[in-house]
Structure formats: C-alpha cells, structure tokens
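For ligands, and for the atoms within them, numbers begin at 1 and follow the listed sequence.
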Amino acid sequence: MNHLNRTSSRRNFVTRVSAGIGAFSLASVLPSLSATASVRKSGKLGIAFIGLGNYATKQLAPAIEQAKDCYLAGIVTGTKEKEAVWKEKYGIKKENIYNYENFDSIASNKDIDIVYVVLPNSMHAEYTIRAAKAGKHVICEKPMALTAKEGQTMIDACEKRNVMLSIGYRLHFDPNTREIMKVAAEKPYGNVQYVQSEVGFTIGDPTQWRLKKTMAGGGAMMDVGIYCIQAARYATGEEPVAVRAQEFKTDNVKFKDVDETVSWQLEFPSGAYSNSTTSYNARANRLYVSYKKGAAQLEPATKYTGIKGTIQKRVLDVQPINQQARQMDGFAQSVKSGTPSIVPGEEGMRDMRVIDAIYRSLANGGRRELV
Ligand code: NAD
C-alpha cells in the first residue's frame with residue numbers, strides 16, 4: 001500500500017486535527033506573493049484545473065492567486081473561448097492548456113504537479129483515474145464519486161501510480177471549524193450527545209446537471225447533504241454505524257430524477273446520534289453540537305466566508321481567511337513533504353459509505369448498518 005494514501009483510522013483523529021492546525025499555521029506565516037507566473041513558479045507546485053465552471057472560476061482561481069505553495073500552471077477545458085480568457089488572466093503558458101481529448105498527454109508536462117478535478121460528479125472518477133495514470137497528484141471535488149465502490153477505484157488508481165489523492169473539503173482548513181474538531185478530539189466538555197446539522201438552498205435552473213441523476217448521482221444529498229455528514233463526523237470524531245433516512249418531495253417535475261429534501265439520523269459507537277436535513281428547496285446552514293457539559297454551534301457552518309459561532313461562551317469568529325487557498329496550500333505542502341493530506345481519498349470514502357447507506361435506507365426503508 002502506498003504510504004501517502006494510507007487510511008487514517010479514528011485512533012488518528014487527534015493526530016490529524018493537530019497536524020492540520022500545524023500545517024495551517026505554517027501557511028499563515030509565509031510571506032504573501034503576487035507576481036508574474038514565472039516568478040510565482042519558484043518553489044511552488046503547479047496545479048491544473050480541469051472543468052472551468054462556477055466553482056473553478058469564481059472561487060478556486062481567485063483563491064490560488066493567494067496561495068503560497070502552489071500556482072495555477074494549467075487548465076483543461078472543452079470550451080475554446082475560455083482558453084484565451086484564462087491564458088491572459090492567469091498567465092498560463094499555451095502548452096499548458098489541454099482539452100478533454102488530449103488531456104492524457106499532460107503526463108509529459110513537467111510544469112503540472114497536481115490536477116484539480118472540478119467537473120460534474122459523474123466525471124470525478126474518470127478524470128481522477130486518468131490524472132493518476134498520467135502520474136499527477138490529484139485533488140478531486142466533493143462528492144468524490146457517485147458511490148463508495150467507485151471511490152475505491154479512484155483510491156486504488158492513485159495508490160497504484162504512487163500519487164496522492166485529496167478531496168476538496170475546504171472546511172477542514174477553516175479555523176473556526178477546526179475548533180469544533182479540536183473539541184471532538186480533546187473532549188473538554190465530555191462526550192458528544194447529539195449533533196444537528198442542516199444545509200440547504202433553493203436551486204435554480206431546472207436543466208442543470210445537478211438535477212440529473214446520471215451526472216450528479218443524487219440531489220441535495222450528494223451536493224450539500226455531504227456537509228452535514230462531514231459535520232456529524234467531525235463534531236463527534238467518530239464514524240457512524242447505522243442510519244435511518246426519510247425523503248420529502250414537493251415538486252415531482254423539477255426533482256423527478258433526484259432527491260429534493262432528505263432528513264436522516266446517524267448512530268455513533270459512543271451512543272451519540274445526529275439528525276440532519278439537506279434540501280434543494282429550503283435555506284439552512286448551521287451546526288449544533290450538544291456535549292455532556294455544554295454546547296457549540298456554527299452559523300453559517302459551510303459558507304466560503306464568514307463561518308462563525310460559539311463553543312460555550314467562547315466566540316469563534318476568526319476572519320477573514322481564504323479556505324480554498326489554505327486547502328490548496330495544504331495539499332501542496334503534503335505533496336512536497338510526502339506527508340498524508342488531512343483530507344485524503346479515504347476521508348471522501350467515509351462520506352460515500354454513509355451516502356450509500358442513506359440511499360439504501362431511502363430505497364428500502366428502516367435502519368441500515370454501514371458496510
Ligand atoms: P459547473 O456546472 O459550474 O461547472 C462544471 C464544469 O464542467 C463546466 O466548466 C462544464 O463546462 C464542465 N463540463 C465538462 N463536461 C461536462 C458535461 N458533460 N456536462 C456538464 N458540464 C461539463 O459546476 P460547479 O458548481 O463548478 O461544480 C463542479 C464540482 O465542484 C462539483 O463536483 C461540485 O460538487 C463541486 N463544488 C464544490 C464546492 C466546494 O465548496 N467544495 C463548491 C461548488 C462546487
């Protein structure tokens with residue numbers, strides 16, 4: 001097994017939390033650089049984005065401008081017009097621009113160390129595996145795949161080529177969220193009794209890929225429900241053992257193919273349990289954690305900026321930070337130093353197993369154990 005992708009067990013939860021804090025502190029004291037592409041290259045790893053949609057354009061590209069350990073070295077796009085725009089705006093070399101057909105030739109490009117997969121969910125596995133075969137380290141957006149089985153093929157492909165795989169879980173690099181993880185690891189208020197997490201928004205365009213099961217794998221659950229699963233897992237520091245899920249639908253036309261609103265409950269080994277709701281038809285963005293002797297909350301809990309809340313009376317409001325810049329820097333540091341990412345492929349797999357069980361519960365009803 002490749003040491004870089006080794007599964008982190010729950011026993012390592014405390015280590016992972018503190019390692020992440022260490023990595024994030026290091027990044028925060030490095031000097032800021034904003035120069036031309038050629039200057040930026042020194043000491044930095046080159047990342048190529050594949051899929052130049054909303055998230056890559058509006059969040060990742062501006063964020064990587066603030067990164068200290070990596071820079072935008074290349075792009076992969078199927079849209080000719082985007083090539084000139086991105087080349088000009090980010091100083092990308094002509095020979096570092098690929099399309100979906102010639103993507104595999106990226107293998108011989110020494111400027112590209114990491115491929116960042118920012119495509120619709122159904123394309124994550126194919127392009128992660130192709131990037132691994134090209135010998136590139138990979139960051140893949142959430143949800144890592146459509147099923148846990150597919151996620152495993154991605155981990156296997158990366159292990160086989162001895163490249164690292166990380167999932168785009170930016171919240172693991174957010175200082176306020178990390179405080180919640182730290183409490184789970186150190187238990188100053190005793191065991192977690194209960195977690196409530198809710199993430200939802202009202203989705204627009206009825207023709208978008210997010211509403212097509214073949215491309216998205218599911219609806220709100222796959223897209224933002226995954227944040228509730230993450231929250232329940234990092235707020236408890238435990239892996240769930242069983243789930244019960246319920247689905248609610250108000251619009252059978254728009255949501256004929258995917259889930260609109262899902263609620264579910266997770267059971268954890270310590271006896272803690274969580275209750276979550278995700279929706280494409282209601283706004284929600286919060287996390288509440290009840291400990292034996294106290295409580296914590298975050299609201300908003302998953303936004304790109306402004307995550308804030310409290311642990312007991314202590315206010316969590318470290319601002320502003322760029323989650324995506326820290327996330328990409330964090331992975332670049334892992335690749336450079338050969339230390340495992342704090343959000344490896346296995347972290348994505350843990351969520352995929354829960355999602356699989358939620359869909360099994362929705363299909364067949366009742367309590368489903370995690371396999
Ligand atoms: P988007 O629809 O805006 O962009 C998708 C991109 O894929 C587009 O550039 C599109 O041209 C390209 N593409 C290539 N082949 C395609 C095809 N067959 N059908 C449709 N598009 C195709 O989507 P997005 O919002 O940028 O999301 C992309 C990924 O990033 C998703 O997996 C999503 O879950 C993830 N995401 C993560 C976060 C986060 O906070 N971590 C936020 C938003 C999106």
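For Y288, there are no ring pair (Phe, Tyr, Trp, His ring centres under 6.0 Å) partners at least two apart in sequence or on another chain. Not a single ring pair (Phe, Tyr, Trp, His ring centres under 6.0 Å) links Y359 to another residue, sequence neighbours left out.
Considering each of V117, L119, N54, the one bringing a non-hydrogen atom nearest atom 29 (C) of ligand 1 is L119.
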Please report the C-alpha distance between R210 and D205 in whole Å, then the side-chain angles of each, then the deciding distance to 0.1 Å, and finally whether the salt bridge (Lys or Arg N to Asp or Glu O under 4.0 Å) criterion is met.
CA-CA 9 Å; R210 280 184 167 80; D205 178 12; over 6 Å; no
Could you go through D104 and K133, starting from their C-alpha distance and side-chain angles, then the distance that decides it, and tell me whether this counts as salt bridge (Lys or Arg N to Asp or Glu O under 4.0 Å)?
CA-CA 8 Å; D104 304 288; K133 283 188 179 158; over 6 Å; no
Would you please test R314 and E179 for salt bridge (Lys or Arg N to Asp or Glu O under 4.0 Å) and show each step?
CA-CA 11 Å; R314 182 158 64 96; E179 287 294 316; 3.0 Å; yes
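Using a non-hydrogen distance threshold of 4.0 Å, Q208 does not register as a contact of ligand 1. The closest approach between a heavy atom of G168 and any atom of ligand 1 is below 4.0 Å. Not a single heavy atom of Q324 sits under 4.0 Å from any atom of ligand 1.
Between H172 and the choices Q230, R178, Q327, the side chain to side chain donor-acceptor pair (under 3.5 Å) rule is met once, by Q230. N121 pairs with exactly one of L146, D223, T214 by the side-chain contact (heavy atoms from CB on, under 4.5 Å) rule, that one being L146. For the side chain to side chain donor-acceptor pair (under 3.5 Å) test with R286, the passing option among Q297, E198, Q196 is E198; the others fail.
Among protein heavy atoms, the minimum distance from atom 14 (C) of ligand 1 is reached at Y100 OH, 3.4 Å. Shortest contact from atom 4 (O) of ligand 1 to any protein heavy atom: G53 CA, 3.2 Å. The protein atom (non-hydrogen) at minimum distance from atom 16 (C) of ligand 1 is M123 SD, 3.7 Å. W209 NE1, 3.8 Å is the protein heavy atom nearest to atom 1 (P) of ligand 1. Of the protein's heavy atoms, E141 OE1, 3.0 Å lies nearest to atom 37 (C) of ligand 1. Nearest non-hydrogen protein atom to atom 26 (O) of ligand 1 is Y55 N, 2.9 Å.
Here the two rings, on Y304 and Y55, have centers that are under 6.0 Å apart. A ring-centre distance under 6.0 Å is not found for Y273 and F268. Checked against the 6.0 Å centroid threshold, F103 and Y127 count as a close aromatic pair.
On a distance-only criterion, P120 and ligand 1 share no N/O pair closer than 3.5 Å. The shortest N/O to N/O separation between T79 and ligand 1 does not fall below 3.5 Å. When only interatomic distances are considered, the shortest N/O to N/O separation between R210 and ligand 1 falls below 3.5 Å. In terms of polar-atom proximity, V118 is not counted as a contact of ligand 1, lacking any N or O under 3.5 Å from an N or O of the ligand.
Looking at M222 against ligand 1, nothing comes within 4.0 Å, counting heavy atoms. With a 4.0 Å cut-off on non-hydrogen atoms, L52 touches ligand 1 through its backbone and not its side chain. When heavy-atom distances to ligand 1 are checked against a 4.0 Å cut-off, K58 has no atom that comes that close, whether in backbone or side chain. If you look at Y169 next to ligand 1, there are no close heavy atoms at all, none under 4.0 Å. By the criterion of a heavy-atom distance under 4.0 Å, neither the backbone nor the side chain of Q59 is placed next to ligand 1. Contacts with ligand 1 closer than 4.0 Å are made by heavy atoms of both the backbone and the side chain of K142.
Side-chain contact, K256 with N252: no donor N or O sits under 3.5 Å from an acceptor N or O.
Taking a cut-off of under 4.0 Å to the non-hydrogen atoms of Y227, the atoms of ligand 1 that pass are 39 (C), 40 (O), 41 (N). For ligand 1, the atoms closer than 4.0 angstrom to any heavy atom of R170 are 39 (C), 40 (O), 41 (N). Heavy-atom contacts of M215 reach the following atoms of ligand 1: 17 (C), 18 (N), 19 (N) (cutoff under 4.0 Å). Those atoms of ligand 1 that come under 4.0 Å of a heavy atom in H124, given as number and element, are 32 (O). The distance from ligand 1 to the heavy atoms of K82 drops below 4.0 Å at these ligand atoms: 9 (O).
Taking a cutoff of 4.0 Å between a charged side-chain nitrogen and a carboxylate oxygen, E126 and R130 qualify as a salt bridge.
Put simply, atom 10 (C) of ligand 1 has no protein non-hydrogen atoms near it, under 4.0 Å away.
Residue K303 qualifies as open at atom NZ: its count of foreign heavy atoms under 6.0 Å is 12 or below. Residue K308 qualifies as open at atom NZ: its count of foreign heavy atoms under 6.0 Å is 12 or below.
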